[in-house]
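Starting from 1, each residue takes its place in the sequence as its number.
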Amino acid sequence: MRIGGWRAALLAAALLGAIAAPADSATKAPPVPAPTVASIPAAVQPLVAKVEQQTVNSERYSQTTHAGGTFTVKLHGKRRKVTRHASTVAFGEASLAPLLAKTFKKGSSGQLSAIGIGSTLYSYSPSIGRKDGGRPWVRINGVSAAGLFPYHGGLPERLRVGAGGTGSYAELIDLLATATGNVSIVGSVSVDGQQTTELAAAVKPLALLKGASQKEIQELTEELKVFVTESGLPLRVTKSVRLGPLAISETTDVLAVNIPVVVKAPPKKKTIGEAKFLKLLKGKGKGGGKEKSGTGFKL
């Protein structure tokens, strides 16, 4: 069973056109009211204003993801409960002007997993490379590299509902606007030797997705924690969610800001487009067939 970050899953689905607003229908539900930054409690607004005023153009960051749970499986004709855990640490660099970004699976010296240049995203997939004679990079057009800048704006604009957040961390502010109940100021916390103020809220991320129904929005709740420095930098953001027996958490740490970001596109001979990628997924490309599903638990 291969598990990816839920935010990444939404982005991947959007890139392939799997997420879209429902077709017009006489019986469709009325549009869900969009969240608004004005709904964030007044006690938190001064700190949110500091985040919104941040002028961070580029960032180096790390993202640590943990997943685990207890599952019932059938082994040798008997149903048994097994517990599985997995974790990954990824690093990335992104800039907003110019629009450039890259992520690494295993530290800054490891294999690149994604590259963003302007409105083009390149995603690295070893399995695709094996199916297509050594071309592991998938080129996806019309996707801003800013999507790889944490909490700036993860989904393409055509699929995103804005809540009014602006600045380098507009997506984070929009997330806070979807909070159910209060946004709490937990207190002062030291993060990587810097003093921060911790905010906590239960948020509804699907409220920021165009076409999501009220039922879908209510079914998914994330626990969000934001650790903000005195100047307003969200130094650490932690999200956690439970999907049935599976618990997932993701922690994003800002390692440096306003740094130079250098990115090069993958070699053309190592790259395929979306149409070719979709054919390979259907088993119509080189190598044919479908990969056997594994029994491991991976991120």
Side-chain angles (χ1 to χ4, degrees), residues 4-5 7-19 37 51-63 90-105 107-125 135-175 205 208-210 232-235 237 239 250 252-268 270-275 277:
R7 181 172 177 272
L10 281 176
L11 179 57
L15 299 180
L16 296 175
I19 298 177
V37 169
V51 176
E52 201 161 22
Q53 291 162 10
Q54 285 290 301
T55 55
V56 174
N57 180 62
S58 62
E59 179 180 289
R60 180 180 299 122
Y61 60 90
S62 68
Q63 283 188 328
F91 294 80
E93 295 179 357
S95 71
L96 301 176
L99 273 175
L100 298 171
K102 56 186 177 182
T103 60
F104 309 87
K105 282 293 186 182
S108 58
S109 61
Q111 170 62 52
L112 284 165
S113 57
I115 293 173
I117 300 175
S119 61
T120 302
L121 179 70
Y122 300 88
S123 179
Y124 181 79
S125 172
R135 294 192 292 177
W137 288 97
V138 180
R139 182 184 64 256
I140 305 171
N141 297 317
V143 179
S144 173
L148 296 178
F149 192 115
Y151 298 103
H152 176 72
L155 288 171
E157 189 172 346
R158 63 187 172 86
L159 298 169
R160 188 173 68 242
V161 176
T166 60
S168 302
Y169 301 101
E171 180 189 359
L172 178 60
I173 295 168
D174 283 354
L175 265 178
L208 301 174
L209 182 65
K210 283 184 180 178
L233 179 69
L235 191 63
V237 179
K239 295 192 304 182
E250 177 187 85
T252 302
D253 284 316
V254 176
L255 305 178
V257 297
N258 296 326
I259 58 166
V261 176
V262 179
V263 175
K264 292 183 179 180
K268 288 186 178 180
K270 297 288 186 180
T271 304
I272 63 173
E274 292 174 76
F277 170 65

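Judged as a ring-ring contact (aromatic ring centres under 6.0 Å, His included), and not counting sequence neighbours, the contacts of Y124 are W137. Residues passing the side-chain hydrogen bond (donor to acceptor under 3.5 Å, both in side chains) test with S95: none are found, sequence neighbours excluded. Annotation: salt bridge (Lys or Arg N to Asp or Glu O under 4.0 Å) contacts of R139 (sequence neighbours excluded): none.
A donor-acceptor pair is defined here as one N or O able to donate and one able to accept, closer than 3.5 Å; such a pair exists between the side chain of K102 and the backbone of V262. Side chain of T120 to main chain of G116: no donor-acceptor pair is present (N/O by atom type, distance under 3.5 Å, no hydrogens or angles). Side chain of S58 to backbone of I259: a donor-acceptor contact under 3.5 angstrom is found. N57 places no side-chain N or O within donor-acceptor distance of the main-chain N or O of N258, the cut-off being under 3.5 Å.
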Next item on the list: Could you please spell out the steps behind the side chain to side chain contact (heavy atoms under 4.5 Å, CB included) verdict for L121 and I115?
Entry: CA-CA 6 Å; L121 179 70; I115 293 173; over 6 Å; no
Next item on the list: Would you check, one step at a time, whether the test side chain to side chain contact (heavy atoms under 4.5 Å, CB included) holds for L208 with L175?
Entry: CA-CA 8 Å; L208 301 174; L175 265 178; 4.2 Å; yes
Notebook entry, point to check: What do the steps show when you test S62 against L255 for side chain to side chain contact (heavy atoms under 4.5 Å, CB included), and what is the final call?
Noted result: CA-CA 7 Å; S62 68; L255 305 178; 4.1 Å; yes
Check: How far apart are the C-alpha atoms of Y169 and L233, what are their side-chain angles, what is the distance that settles it, and do they pass the side chain to side chain contact (heavy atoms under 4.5 Å, CB included) test?
Finding: CA-CA 9 Å; Y169 301 101; L233 179 69; 3.5 Å; yes
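Closest approach of Y122 and I117 over heavy atoms only: CE1-CD1, 4.5 Å. Taking each heavy atom of R160 and K210 in turn, the nearest pair found is O-CE, 3.3 Å. Across all non-hydrogen atoms, the minimal contact from P150 to Y61 is CD-CE2, 3.4 Å. I173 approaches T166 most closely through the heavy-atom pair CD1-O, 3.7 Å. Taking both residues in full, the closest heavy atoms of L172 and P234 are given as CD2-CB, 3.7 Å, listed atom of the first, atom of the second, then distance. Across all their heavy atoms, D174 and G165 have their closest contact at OD1-N, 2.7 Å.
How far OG of S144 is from CG of L96: 8.5 Å, rounded to the nearest 0.5 Å.
No hydrogens or angles considered: nothing links the side chains of E59 and Y151 as a donor-acceptor pair under 3.5 Å. A donor-acceptor contact under 3.5 angstrom links the side chains of T103 and S113, judged on distance only. There is no side-chain donor-acceptor pair under 3.5 Å between S168 and Q54.
At least one side-chain heavy atom of E250 sits less than 4.5 Å from a side-chain heavy atom of Q63. Looking at R60 and E93, their side chains come closer than 4.5 Å, going by heavy atoms from C-beta outward.
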